[in-house]
Amino acid sequence: MTTLIIKIDEETPEVKKTLDYLNSLAGVSITAHKRENTKRESAWDKAIAEGAITVDEFVGEVKRQLKAHYDNA
């Protein structure tokens with residue numbers, strides 16, 4: 001499978017004809033993505049919103065587990 005990303009500044013009649021032709025070909029699908037001017041959420045913020053722990057929490061847990069492991073060794 002090959003994926004192409006094409007930026008179209010203006011959808012002229014020629015561009016529309018070309019997209020229609022490409023869409024008519026077997027095995028070809030076209031998906032439109034319009035980029036919004038709003039600021040995109042960072043991957044970090046998204047992960048935190050989905051329940052990921054922060055770096056501080058992760059480091060604290062690693063330290064706690066290391067201490068527990070070596071205290072019991």
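Taking 4.0 Å as the cut-off between side-chain N and carboxylate O, R64 and E61 count as a salt-bridged pair.
We find the OG1-CD1 distance between T18 and I8 to be 8.5 Å, quoted to the nearest 0.5 Å. From L19, atom CG reaches atom CD of E14 across 11.5 Å, with rounding to the nearest 0.5 Å.
The minimum heavy-atom distance between I30 and N23, with the atom names listed, is N-OD1, 3.6 Å.
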